Undergrad: 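Dropping the structure in here first, questions after.
As the structure is a computational prediction, the values presented were derived from the model and not from experiment.
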Amino acid sequence: MFKPIKNFNASDSKSYRPDIDGLRALAVIAVILYHADTPFFDGGFVGVDIFFVISGYLITTIILKEQDLRTFTLLNFYFRRARRIIPAIIFVISVCIPIAWFVLGPRDMKDFAQSVGSAMTFSSNLLFLRESGYFDQSVEYKPLLHTWSLSVEEQFYAIYPLILISIVSIGTKFKLLILMILSSISIYLFLDYSVYDPIAAFYLIISRGWELLVGAIAAIVARNYALNISNVVSQILSLVGLLLIFYAIAFFNSTSWNTPLLIFIPVLGAVLLILFCRRNTLIGYFLCSSIIVKMG
């Protein structure tokens, strides 16, 4: 039923990883079906957490590869991001504007106009932080709510390359140590905000950055350390990773955010898949199927 696209090795970060596209597809589908109130997808919002891990992994892999080839420049990096993101966000906004004009009332239309400006400046997470929580009923009338996660990513991308540039000459172990320290600080802020200001914990880059940094750490591990494990262990760990993600999607709900430690479950699942998923595993065969990859 599923046809693998090509061979790949999880420890070879220089090659294309079709399984990552497959994982991205699962994350996006989970979020879409969550917003469609689909049964068994009450926890589909964790697709965003998975997506952050993927983004951290991919951007780190790209930057490190270009640093090795001595082709990396900040100007090219930011230009590629703009070329990739800005046309898409303009298209989405262009589609939303005429619909909002006929559907939204005056007050909601005013809020929508503000969200257009914040989406274009990648600050919509800050706007929605002030207006409402992600799980509030009123967000049904905020068609650009989903751009909050894009804003978090772009804020991360504005800072993160500078960090990699500043530590380019140090050894791999020290790179990992620095990223682990930064990730630990973000995790602390995430847990702290989750108690005192859960909405801020959800929207802010300082409390969300650890998910992207975990993906970055996974990229360095996959790139520099050969994971010489048996096929049996790869099968088990990749299966555990996917089951953790499916568990979060099926059994979490909007109240799960009140228990922040639960968010580590889908994040851990994504990391396990990034590190241990291989073509000769059942999960690798599934994630590399042409249908899933194209959706991703």
Side-chain angles (χ1 to χ4, degrees), residues 21-55 85 88-105 107-109 111-116 118-120 122-154 198-204 207-208 211-212 242 244-260 262-263 265-267 269-270 291-292 294-296:
D21 277 340
L23 182 58
R24 181 191 287 116
L26 293 183
V28 173
I29 291 171
V31 173
I32 292 174
L33 294 181
Y34 163 74
H35 283 289
D37 292 326
T38 306
F40 304 110
F41 282 85
D42 290 343
F45 58 86
V46 301
V48 175
D49 303 275
I50 298 167
F51 204 90
F52 282 159
V53 177
I54 295 173
S55 294
I85 297 300
I89 194 67
I90 290 177
F91 173 78
V92 171
I93 291 173
S94 299
V95 171
C96 288
I97 287 176
I99 298 175
W101 180 266
F102 289 102
V103 173
L104 300 180
R107 182 175 178 178
D108 290 325
M109 191 64 187
D111 291 340
F112 171 73
Q114 291 178 328
S115 68
V116 169
S118 64
M120 290 299 298
F122 305 114
S123 59
S124 55
N125 59 323
L126 303 178
L127 174 68
F128 294 125
L129 168 63
R130 296 195 305 268
E131 290 185 350
S132 63
Y134 184 79
F135 301 104
D136 292 348
Q137 292 297 320
S138 60
V139 300
E140 295 177 357
Y141 297 97
K142 298 182 183 297
L144 295 178
L145 177 66
H146 63 284
T147 61
W148 76 268
S149 58
L150 177 62
S151 295
V152 169
E153 279 194 346
E154 297 309 312
I199 298 178
F202 189 92
Y203 281 121
L204 292 181
S207 54
R208 282 287 197 165
E211 295 175 313
L212 291 122
L242 191 62
L244 289 175
I245 290 174
F246 282 167
Y247 172 81
I249 292 173
F251 294 103
F252 283 16
N253 54 51
S254 59
T255 63
S256 298
W257 191 255
N258 299 328
T259 308
L262 290 176
I263 304 302
I265 292 177
V267 170
I291 295 177
I292 295 178
K294 288 177 182 178
M295 293 175 66

Undergrad: Grab the two heavy atoms, one from A119 and one from I93, that are nearest each other, plus how far apart they are.
TA: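 Heavy atoms of A119 and I93 come nearest at CB-CD1, 4.3 Å.
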Undergrad: Please report the interatomic distance CD1(I265) to CD1(I249), rounded to the nearest 0.5 Å.
TA: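 Spacing of CD1 (I265) from CD1 (I249) equals 12.5 Å.
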Undergrad: Any idea which heavy atoms bring V31 and G47 closest together, and the distance?
TA: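 Of all heavy-atom pairs spanning V31 and G47, the closest is CG2-CA, 3.8 Å.
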Undergrad: Over all heavy atoms of both residues, which pair between F128 and L144 is shortest? Give the atoms and the distance, please.
TA: CE1-O, 3.5 Å
Undergrad: Do I97 and W101 come close enough that some side-chain heavy atom pair is under 4.5 Å?
TA: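 No - every pair of side-chain heavy atoms lies 4.5 Å or more apart.
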Undergrad: Taking the side chain as C-beta and beyond, is there a heavy-atom pair between F202 and P198 under 4.5 Å?
TA: no
Undergrad: Could you give the distance from CD1 (I292) to CG (D21), rounded to the nearest 0.5 Å?
TA: 11.5 Å
Undergrad: Identify, with sequence neighbours excluded, every residue that meets side-chain contact (heavy atoms from CB on, under 4.5 Å) alongside S149.
TA: V48, F52
Undergrad: Got a sec, which pairs hit salt bridge (Lys or Arg N to Asp or Glu O under 4.0 Å) with one end in residues 45-54, sequence neighbours left out?
TA: D49-R208
Undergrad: For E211 and I263, work out which heavy atoms get closest and say how close.
TA: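 Nearest pair, atom of E211 first, then I263: OE2-CG2, 3.6 Å.
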Undergrad: Just wondering, do L26 and I245 contact through their side chains at under 4.5 Å, heavy atoms?
TA: no
Undergrad: Does N125 reach the main-chain N or O of Y203 with its side chain, forming a donor-acceptor pair under 3.5 Å?
TA: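 Yes, the answer is positive, given that a donor and an acceptor are paired below the 3.5 Å cut-off.
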Undergrad: Could you tell me the separation between the CD1 atom of I89 and the OG atom of S94, rounded to the nearest 0.5 Å?
TA: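 Between atom CD1 of I89 and atom OG of S94 there are 10.0 Å.
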Undergrad: With sequence neighbours left out, what residues match A200 under side-chain contact (heavy atoms from CB on, under 4.5 Å)?
TA: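 side-chain contact (heavy atoms from CB on, under 4.5 Å) list for A200, sorted by chain: L129, Y193, D197, L204.
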Undergrad: Which atom names give the shortest non-hydrogen contact between S254 and F45, and what distance separates them?
TA: N-CE2, 4.2 Å
Undergrad: Testing the basics here: between L212 and E153, what is the closest heavy-atom pair and its distance to 0.1 Å?
TA: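 For L212 and E153, the tightest heavy-atom pair comes out as CD2-CG, 4.4 Å.
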Undergrad: To the nearest 0.5 Å, tell me how far L262 CG sits from F252 CZ.
TA: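 Spacing of CG (L262) from CZ (F252) equals 4.5 Å.
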Undergrad: Side chains of S123 and S151: does their closest heavy-atom pair fall under 4.5 Å?
TA: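 Sidechains of S151 and S123: no contact.
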Undergrad: side-chain contact (heavy atoms from CB on, under 4.5 Å) between L126 and S118: does it pass, once the steps are laid out?
TA: CA-CA 8 Å; L126 303 178; S118 64; over 6 Å; no
Undergrad: With sequence neighbours excluded, tell me which residues meet ring-ring contact (aromatic ring centres under 6.0 Å, His included) with F40.
TA: none
Undergrad: Only one of T147, V152, I85 clears side chain to side chain contact (heavy atoms under 4.5 Å, CB included) with F122; which?
TA: I85
Undergrad: Okay, side chain of S207, backbone of A201: is any donor-acceptor separation there less than 3.5 Å?
TA: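 Checking the backbone N and O of A201 against the side chain of S207, a donor-acceptor pair under 3.5 Å is found.
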Undergrad: Only counting residues at least two apart or in another chain, list the ones meeting ring-ring contact (aromatic ring centres under 6.0 Å, His included) with F246.
TA: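 Expected list: none.
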Undergrad: According to side-chain contact (heavy atoms from CB on, under 4.5 Å), who are the partners of L33, at least two apart in sequence or on a separate chain?
TA: I29, T38, F41
